[in-house]
2 protein chains.
Amino acid sequence: MRARKIARPTTLSDVARLAGVSPATASKALNGRDEVAPATRQRVIDAAERLAFSPNQLAKGLFAGRTGTVGLLTSDLEGRFVIPILMGAEDAFGAGQVNAFLCDARGDEIREQHHLRALLSRRIDGLIVVGRQTDPRPSLGHDLGVPVVYAYAPSDDETDLSITPDNVEAGRMAAEHLISLGRTRIAQISGDRSYAAARDRVTGANQAFKAAGLTPVGDVMFGDWSETWGRDAAAAMLAQHPEIDAVLCGSDQISRGVLDHLRDIGRSVPHDVAVMGFDNWLVLTTNARPQLSSIDANLKQLGRTAAERVFAALDGEDIGTGIELTPPRLVIRGSTVARLG
Amino acid sequence: MRARKIARPTTLSDVARLAGVSPATASKALNGRDEVAPATRQRVIDAAERLAFSPNQLAKGLFAGRTGTVGLLTSDLEGRFVIPILMGAEDAFGAGQVNAFLCDARGDEIREQHHLRALLSRRIDGLIVVGRQTDPRPSLGHDLGVPVVYAYAPSDDETDLSITPDNVEAGRMAAEHLISLGRTRIAQISGDRSYAAARDRVTGANQAFKAAGLTPVGDVMFGDWSETWGRDAAAAMLAQHPEIDAVLCGSDQISRGVLDHLRDIGRSVPHDVAVMGFDNWLVLTTNARPQLSSIDANLKQLGRTAAERVFAALDGEDIGTGIELTPPRLVIRGSTVARLG
DNA sequence: CGGCATCTCGAAACCCGTTTCGGAAACTAC
DNA sequence: GTAGTTTCCGAAACGGGTTTCGAGATGCCG
């Protein structure tokens, strides 16, 4: 049997005709409404089965006002951060009957507006806006007609709901881990100073140092987020302060550079110097020598939370306002604790 | 002026009423049909502008049978490979009026079927199936009613259209680069043997060796795709064959491990030993010491091509069959050519 | 000024599924 | 036997847009 050239999808009327009832009855039978005789219902169900009927969600959405679709508007698909968030959101959505439109604005405001228009004209039920930095981004406004949640990058309008990682807490957590290991001469090599993520983590770490009565060694070094910067910064730092016994880094990439330099100059990790990373990027952390302790921002969880907030808003709940911080998680590996290799 | 709690989107009827015409005329005016007087058209356009009217794509699609949406069914969002492909596809689609549904099946066939159902019931116009390996995957069949293109992972049904990187050519290209540099004692450290990508690249490289009259040093080492494996394999390889002057690796991660080991034992790269990676993963290649030469599979281009094929099929063209190979690209950096640092 | 072609517009049907509401049939109660 | 209930089904309207087709208003001709 050849497939028809144009495989017109079967409609509810087709099912109704085969079952010998009206479309109205077929609809009621398939949706479990109770004004249908059991025998009739079974006939309709059998007919639907036979024709492999799947209802046209467009028509359904047209009437219901709900489409079962959500927009994911990201500003950077290449970024590693948006992917886990998208996954978490997909997790939360996928459980139900929701599908997600993915749009990438490439950080271009025009393109973002364009995508936003397109999404709204498709009558999405909700929108998640994902940024690639934790710095605030312009709000999309409130008169969109659908609930909006900002993930990772918070909105600059505090009457929006934003969900973002708690980088201050993350910095504190990392510093406290090093302190709890007895390290006292701790240096910080961070990333790009223009990123709130870099500054926040340093803030948190400094709070922990202060609380423990420690003075950090040297000034915090800001640069970029690369391995190369980590290497160069470590060289400069250790030349000036050879006494340091731990380095708190702004990212796993930077940590890898620092580890590299430490091996070059023959310092043992973690015995002589402990090294903490940030982000828990597995490709980097688990293949480092030794494996790299890091702070995981729980991005997947963040994405799931964002999706759940959108869901809640769909069910009529108030979506809430302000910036909601999600807690980080400490992942201990061999770069801070020796027996873990 | 406060935004209404429920911002009911403006409909075509609203526009028509404001312009003082019937919905039918309004529709014709906005869609550029010529049975409308210029003055009337302008009135309608102005009214639409005033009300910020954007037509309900659902209703539009309901009638037209075209929804302007495409499904992207991937089996692994975490994989680095699918992301550039998705980007390329988004590029090609985004130019027009098409939006993409993103679904992640997590390599689970049940989940895949579930998502497929959902997508079809949303009346997508086309489907791109993205895999995370280049090994063939089960076909979804032909009676879906929409054009399907398989990207990266080809379908096991040769009457489907698949687009996948030419790994044999990639292997050959890498080997020829090393040969052209005068290297004659070349070893291969590859990834997981169960991956077609690993085997194909080795095949291509061996063809190049044969053509040049060279005998590879030692057996090809298969392992996994990690940096750690690269280190271990390099150690074993160099212990047994200290004479090698180039290593052809199965991935950039493996290359990084190899580079690491070479520095450990004091071999200079590229002077003593040249190293080639695969995938051109910038985070790894540009931060290596020296920077890593690699083969780029042009995945973004692949995604764009896949999207264009779907487009073509929508316009009535035959979608074609078989496996279409996309050419790789050689990226030369310091790990093979010294002056490039 | 009548007859005919042209232009412009709107009523109505349609896409597909849901829901309301009314009616027919079967059943109960007296 | 009649009146009142209940059960089950279908006609019709709806949602938001598109398209067909016919009607009314013009313009042009002789």
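None of the values given here were measured: they were computed from a predicted structure. So you know, we letter chains A, B, ... as the sequences are listed, proteins then strands, and number each from 1.
- In the set C:dC15, C:dG17, D:dG10, D:dG10 carries the atom at the smallest distance from any side-chain atom of A:Ser22.
- No side-chain donor from either of A:His114 and A:Asp108 sits under 3.5 Å from a side-chain acceptor of the other.
- Taking all atoms of both residues into account, the shortest heavy-atom contact from A:Val15 to A:Ala48 is CG1-N, 3.7 Å.
- When each of B:Lys28 and B:Pro55 is assigned the nucleotide of DNA chain D bearing its nearest heavy atom, the one mapping closer to the 5' terminus is B:Pro55.
- The shortest distance between the side-chain N/O atoms of B:Thr25 and the OP1/OP2 oxygens of C:dG10 is below 4.0 Å.
- A straight line from CG of A:Leu30 to C1' of C:dT19 spans 15 Å, rounded to a whole angstrom.
- In this structure, CZ of B:Arg122 is placed 18 Å from P of C:dC16, rounded to the nearest angstrom.
- Considering only side-chain N and O atoms, A:Asn56 lies nowhere under 4.0 angstrom from the phosphate OP1 or OP2 of C:dC15.
- Checking side-chain atoms of A:Asn56 against main-chain N and O of B:Arg123 turns up no donor-acceptor pair under 3.5 Å.
- At distances below 3.5 Å, at least one donor-acceptor pair connects side-chain atoms of A:Arg122 with backbone N or O atoms of B:Gly68.
- For the pair A:Gln42 CD and D:dC8 C1', the computed distance is 17 Å after rounding to whole Å.
- Atom CG in A:Leu58 sits about 13 Å away from atom P in C:dT18, given to the nearest Å.
- Looking only at distances, no side-chain donor or acceptor of A:Thr321 sits under 3.5 Å from a matching main-chain atom of A:Thr159.
- The side chain of A:Ala59 has C:dC16 as its nearest neighbour among C:dC16, D:dG10, C:dT19.
- Separating the CD atom of B:Gln57 from the P atom of D:dG16 is a distance of 14 Å, rounded to the nearest angstrom.
- Checked against D:dT19, D:dG16, D:dC8, the side chain of B:Ala24 finds its nearest nucleotide in D:dT19.
- Of the residues near DNA chain D, B:Arg33 and B:Leu62, the one whose nearest nucleotide (by heavy atom distance) lies more toward the 5' end is B:Leu62.
- When rounded to the nearest whole Å, the span between CG of A:Leu12 and P of C:dC14 equals 17 Å.
- Rounded to an integer number of Å, the gap from CG of B:Asn31 to P of D:dG17 is 11 Å.
- Rounded to whole Å, the distance from CD on A:Glu35 to P on C:dT18 is 13 Å.
- Close to C:dC9, at under 4.0 Å from its OP1 or OP2, lies a side-chain N or O of B:Thr40.
- Under the salt bridge (Lys or Arg N to Asp or Glu O under 4.0 Å) criterion, B:Arg132 pairs with B:Asp76, sequence neighbours left out.
- With 3.5 Å as the limit, one finds no donor-acceptor pair spanning the side chains of B:Ser162 and B:Thr164.
- Nucleic acid contact for A:Thr11: sugar-phosphate only, since backbone atoms but no base atoms lie under 4.0 Å from a heavy atom of the residue.
- Within the helix from C:dC1-D:dG30 to C:dC30-D:dG1, the inter-axis angle between the opening and closing five-pair segments is 60°, rounded to 10°.
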